[in-house]
Amino acid sequence: MKAYLEYFGFSLKKSSTHASRTMMCREMEMLIPFFVENPGMEWRSIRHIILENNILRKKTGKSASICFDKLRAFYGLDEALPLFRILCKLYTHEPESLKQLLLLLAFVRDSVFAACTPFILKLPQNHELGPSQIYDCIIQQFPNKYHESTIKSISRNLLSSWTQVGLVTKQTNTLRIRQYISPSVAAMAYALLLAHLTGHRGLNMFFSDYVRLLDCSEKHAMELAYQASSKGLISFKCIGDVAEVQFPRLLTEKENKLIYEQN
């Protein structure tokens, strides 16, 4: 199972990039168009071009190099990873969905983000949230793992990441307010794909953690799935309690075979 998930682009590493960085959505908004315009290019070649042309707009080559490597830890930045390739494809259909796509990909690649984000999702609309609550959440999820200074850094970075993707809004420098996001069609297609890759089938896909990340009810999720199907992003059919979701335009024949063999 580990090799299967890592092949698609899931990361099972226990370390977290949130110890030193946020999700850096602004930087990804600069990079994703470059990947889309250069499909199939090997990631090391893209890294060289990005650093040579300072696409990340950093003051030094060293800071740009570190930034790229942190982004790669978050998102893979390699079209050889199916999840990143598919994110780029969905972005071309709906560019405004990028932050929600990044939210979903970070959730399956960053251990701390995956462990702590469900805490946010349970909060009601307009609930106030501060660093101390995130600090306590990290300690509960990862007892005795991080030093106090690291926990404080992670807390700040998590709050910033959640703000960037719209799960919370900024009230003061330290205080955030829980807000529900409005899920996009492309993000729903991606969430259902993640559910499919992790063994969910039929209507169970609409109750997965990935759909919950989008602050979406089952009914609204199904409405978005129908829209995604009409746009050709996925294939969705539902009769009564029987639902079928397939991904003929997102997954290759080889990838579908791997999924079949895994299940």
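All values below were derived from every heavy atom in this structure, side-chain atoms included, with hydrogens, water molecules and symmetry-related copies excluded. On a predicted model such as this, the values are computed, not experimentally measured, just so you know.
L224 places a side-chain heavy atom less than 4.5 Å from the side chain of C216. The shortest distance between side-chain heavy atoms of L251 and I86 falls below 4.5 Å. Using a 4.5 Å cut-off on side-chain heavy atoms (C-beta onward), L83 and Y7 make no contact. At a threshold of 4.5 Å between non-hydrogen side-chain atoms, the residues R109 and L81 count as touching. Side-chain contact between E79 and P39: present, with at least one pair of heavy atoms (C-beta onward) separated by less than 4.5 Å. Using a 4.5 Å heavy-atom threshold, the side chains of K99 and E29 count as touching. A heavy-atom distance below 4.5 Å is not found between the side chains of F206 and C238. Between S153 and R156 there is a side-chain heavy-atom pair separated by less than 4.5 Å.
Rounding to the nearest 0.5 angstrom, the gap separating the OG1 atom in T17 from the CG atom in D110 is 5.5 Å. The distance from atom CG of L213 to atom CZ of F113, rounded to the nearest 0.5 Å, is 7.0 Å. The CZ atom of F8 sits 11.0 Å away from the OG1 atom of T198 when rounded to the nearest 0.5 Å. In this structure, K152 NZ and H147 NE2 are separated by 14.0 Å, a value rounded to the nearest 0.5 Å. Rounding to the nearest 0.5 Å gives a distance of 6.0 Å between CG of L71 and CG of L31. Between the CZ atom of R47 and the CD1 atom of I55 there is a distance of 13.0 Å, given to the nearest 0.5 Å.
No option in K58, R57, R21, K70 other than K58 meets the side chain to side chain donor-acceptor pair (under 3.5 Å) test with E27.
Among all heavy-atom pairs drawn from L101 and A187, the shortest one is CD2-CA, 3.9 Å. Taking both residues in full, the closest heavy atoms of I46 and N38 are given as CD1-O, 4.3 Å, listed atom of the first, atom of the second, then distance. Residues L214 and A191 come closest through the heavy atom pair CD1-CB, 3.9 Å. Nearest approach of F10 to L197, heavy atoms of both residues: CE1-CD1, 4.0 Å. The nearest pair of heavy atoms linking A115 to Q141 is O-CD, 3.8 Å. Residue Q171 comes nearest to I177 through the heavy atom pair OE1-CG1, 3.6 Å, listed as atom of the first residue, atom of the second, then distance.
Between the D78 side chain and the A80 main chain, a donor and an acceptor come within less than 3.5 Å of each other. In terms of modelled atom types and a separation under 3.5 Å, the side chain of S208 and the main chain of M205 share a donor-acceptor contact. Between the side chain of E244 and the backbone N or O of K237, no donor-acceptor pair lies under 3.5 Å. In this structure a side-chain-to-backbone donor-acceptor pair under 3.5 Å is missing from Y210 to Y190. Between the side chain of S229 and the main chain of Y226, no donor-acceptor pair closer than 3.5 Å is present. In this structure, the side chain of Q246 does not engage the main chain of P248 through any donor-acceptor pair within 3.5 Å.
Of the charged side-chain nitrogens involved, none lies within less than 4.0 Å of a carboxylate oxygen, so that R72 and D69 do not count as a salt-bridged pair. Between R85 and E255 there is a salt bridge, since at least one side-chain N of the basic residue sits less than 4.0 Å from a carboxylate O of the acidic one.
The number of heavy-atom neighbours closer than 6.0 Å to NZ of K257, taken from other residues, nucleotides and ligands shown, is 12 or below. Annotation: R249, atom CZ; neighbour count of heavy atoms from other residues, nucleotides and ligands within 6.0 Å does not exceed 12.
No cation-pi contact links R176 to W162, judged by a cut-off of 6.0 Å to the six-membered ring centre and 45° from its axis.
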Show me the side-chain donor-acceptor pairs of residues 118-138 shorter than 3.5 Å, one per line, residues at least two apart or across chains.
| from | atom 1 | to | atom 2 | distance (Å) |
| --- | --- | --- | --- | --- |
| Q125 | OE1 | Y180 | N | 2.8 |
| N126 | OD1 | Q179 | NE2 | 2.9 |
| Q133 | OE1 | G130 | N | 2.8 |

Candidate pair L90 and S97, rule side-chain contact (heavy atoms from CB on, under 4.5 Å), full reasoning: CA-CA 8 Å; L90 291 171; S97 71; 5.6 Å; no

side-chain contact (heavy atoms from CB on, under 4.5 Å) assessment of I66 paired with K62: CA-CA 6 Å; I66 292 172; K62 182 178 179 180; 4.1 Å; yes

Evaluation steps, side-chain contact (heavy atoms from CB on, under 4.5 Å), between F35 and M41: CA-CA 8 Å; F35 279 93; M41 184 180 291; over 6 Å; no

Residue pair D209, F107: steps toward the side-chain contact (heavy atoms from CB on, under 4.5 Å) verdict: CA-CA 10 Å; D209 290 341; F107 187 77; 4.3 Å; yes

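In terms of hydrophobic clustering, with Ile, Leu, Val, Met, Phe, Trp and Tyr side chains grouped at heavy-atom distances under 4.5 Å, I49 and M28 are assigned to a common cluster. Hydrophobic clustering of Ile, Leu, Val, Met, Phe, Trp and Tyr side chains at less than 4.5 Å, counting indirect connections, keeps I154 apart from L175. No single ILVMFWY cluster, assembled from side-chain heavy atoms under 4.5 Å apart, contains both V211 and F207.
With sequence neighbours excluded, the residues that form a side-chain contact (heavy atoms from CB on, under 4.5 Å) with T22 are M24, N157, S160, S161, Q164.
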